[in-house]
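Below, read A as the first sequence line, B as the second, and so on, with proteins coming before strands; counting in each chain starts at 1.
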Protein chains: 2
Amino acid sequence: MARAATTLDVFNAVAEPRRREILDVLGDGRERAVNEVVEAVGMPQPSVSKHLSVLLKVGVVTVTRNGPMRMYRLNGSNLKPVHDWAKTFERYWTHQLDQIKERAEQKMLHRRQDNNNQEEL
Amino acid sequence: MARAATTLDVFNAVAEPRRREILDVLGDGRERAVNEVVEAVGMPQPSVSKHLSVLLKVGVVTVTRNGPMRMYRLNGSNLKPVHDWAKTFERYWTHQLDQIKERAEQKMLHRRQDNNNQEEL
DNA sequence: TTGACATATTCCGATATAGGAATATTATCA
DNA sequence: TGATAATATTCCTATATCGGAATATGTCAA
């Protein structure tokens, strides 16, 4: 087999730096025409269209027709899974002391299995 | 050109479902031998080693030698960028009413430019 | 040194993109 | 209808993986 399909889930859609850039542009919640996005990010139009297409597929943006233009708008709620997952590890960068304490406690709890560890390179 | 290198940044490292699985296993902060991870996630050992290697490169995990074993431990703080970025859009899934209100206000503010919108497919 | 165990690495093949260029599509208007 | 603007969609190529299998590397113990 080969690499898994990416365009299908939010995590992969968002892994692309350029797509994150586009989302940042749409971050204020206002809808924008493709050309506006193109100007904002300085990428070729076909590229922007493709990325928007990916973002649309995963539901992170929505489209609306306005004459010949397509207005894209951020649908931020679909980014929640990413946030929720990352938040799982929040304690690693907040409450540093608590974290250290937790680790120490873990160590005590599992001392029997870990008592042969050496903790060095 | 081609697809951008992914293994180099946290967002891409984390985009892989299996890697997220591995991180979840290490989520309790305890260090684990590769084989323990292998058992926990039910993937072939070489696969786990490769994924751990990627996670190591982006600094999301750390290694320590313990005899013939390599103990991997989560370095969660390096996931902060992902959390921070996603948090930027937090208002989209919290304070739903505020959000609706915001949009309405946006619409009023930019009425001049948007007054020819039709809001339909 | 040999053996056993734990883990990493290499080789392979399949495939999913990303980008660029060119082109097709769609809508509006004169 | 024809022109023009706005976007989407191929087509094509280079390349970055992912997975699987086999193998190499490293460590300790007898």
Identify the pairs formed between an N or O of the protein and an N or O of nucleotides 9-11 of chain D at a distance under 3.5 Å, and give each distance.
none

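- Of the candidates B:Val14, B:Leu8, B:Asn12, B:Val14 is the only one forming a side chain to side chain contact (heavy atoms under 4.5 Å, CB included) with B:Val10.
- In this structure, the CZ atom of A:Arg70 is 8 Å from the P atom of C:dT26, given to the nearest Å.
- Between A:Arg18 and C:dG19 there is a side-chain polar atom (N or O) within less than 4.0 angstrom of OP1 or OP2.
- Judged as a side-chain contact (heavy atoms from CB on, under 4.5 Å), and not counting sequence neighbours, the contacts of B:Asp24 are A:Trp85, A:Phe89.
- Between B:Thr62 and B:Tyr72, the closest side-chain pair of non-hydrogen atoms is not below 4.5 Å.
- Under 4.0 angstrom from either OP1 or OP2 of D:dA8 there lies at least one side-chain N or O belonging to A:Tyr72.
- Each of A:Met43 and A:Pro68 was assigned the nucleotide of DNA chain C with the nearest heavy atom; the assignment lying further toward the 5' end belongs to A:Met43.
- Contact between the side-chain N/O atoms of B:Asn35 and the OP1/OP2 oxygens of C:dC5 is not found at any separation under 4.0 Å.
- Under the side-chain hydrogen bond (donor to acceptor under 3.5 Å, both in side chains) criterion, B:Asn35 pairs with no residue, sequence neighbours left out.
- The nearest whole Å value for the distance from the CG atom in A:Asn12 to the C1' atom in C:dA18 is 14 Å.
- Atom C1' of nucleotide D:dG19 and atom CZ of B:Arg19 are separated by 13 Å, given to the nearest angstrom.
- Here C:dA18 presents its C1' atom at 15 Å from CG of B:Asp9, a figure rounded to the nearest Å.
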Would you give me the side-chain donor-acceptor pairs under 3.5 Å for residues 37-52 of chain B, sequence neighbours excluded?
residue: B:Gln45; atom: NE2; partner: B:Ser49; partner atom: OG; Å: 3.1
residue: B:His51; atom: ND1; partner: B:Arg19; partner atom: NH1; Å: 3.2

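- Scanning for salt bridge (charged side-chain N to carboxylate O under 4.0 Å, His left out) contacts around B:Arg20 gives A:Asp9, with sequence neighbours left out.
- Between the CZ atom in B:Arg18 and the CG atom in B:Leu23 there is a gap of 14.5 Å [rounded to 0.5 Å].
- Across the protein-nucleic acid pair, B:Ile22 atom CD1 and C:dT7 atom C1' stand 14 Å apart, rounded to whole Å.
- Using a cut-off of 4.0 Å between Lys/Arg side-chain N and Asp/Glu carboxylate O, A:Glu90 and A:Lys87 are scored as salt-bridged.
- Residue A:Glu16 places its side chain closer to C:dG19 than to any other of C:dG20, C:dG19, D:dC18.
- Computed from C1' positions of five pairs at each end, the angle between the two local axes of the helix from C:dT1-D:dA30 to C:dA30-D:dT1 equals 10°, rounded to 10 degrees.
- Taking atom CG of A:Leu56 as the reference point, atom P of D:dA8 lies 9 Å away to the nearest angstrom.
- Residue B:Met69 has its side chain nearest to C:dA6 when only C:dA6, D:dT7, C:dA8 are considered.
- A:Glu36 has its CD atom 14 Å from the C1' atom of D:dT7, to the nearest Å.
- The salt bridge (charged side-chain N to carboxylate O under 4.0 Å, His left out) test applied to B:Arg32 returns B:Asp28, not counting sequence neighbours.
- B:His51 has a side-chain polar atom (N or O) that falls below the 4.0 Å cut-off from OP1 or OP2 of D:dG19.
- Of all the heavy atoms in A:Gly59 and A:Asn78, the pair that sits closest is O-ND2, 2.7 Å.
- Atoms CG (A:Leu55) and C1' (D:dA8) sit 15 Å apart, rounded to a whole Å.
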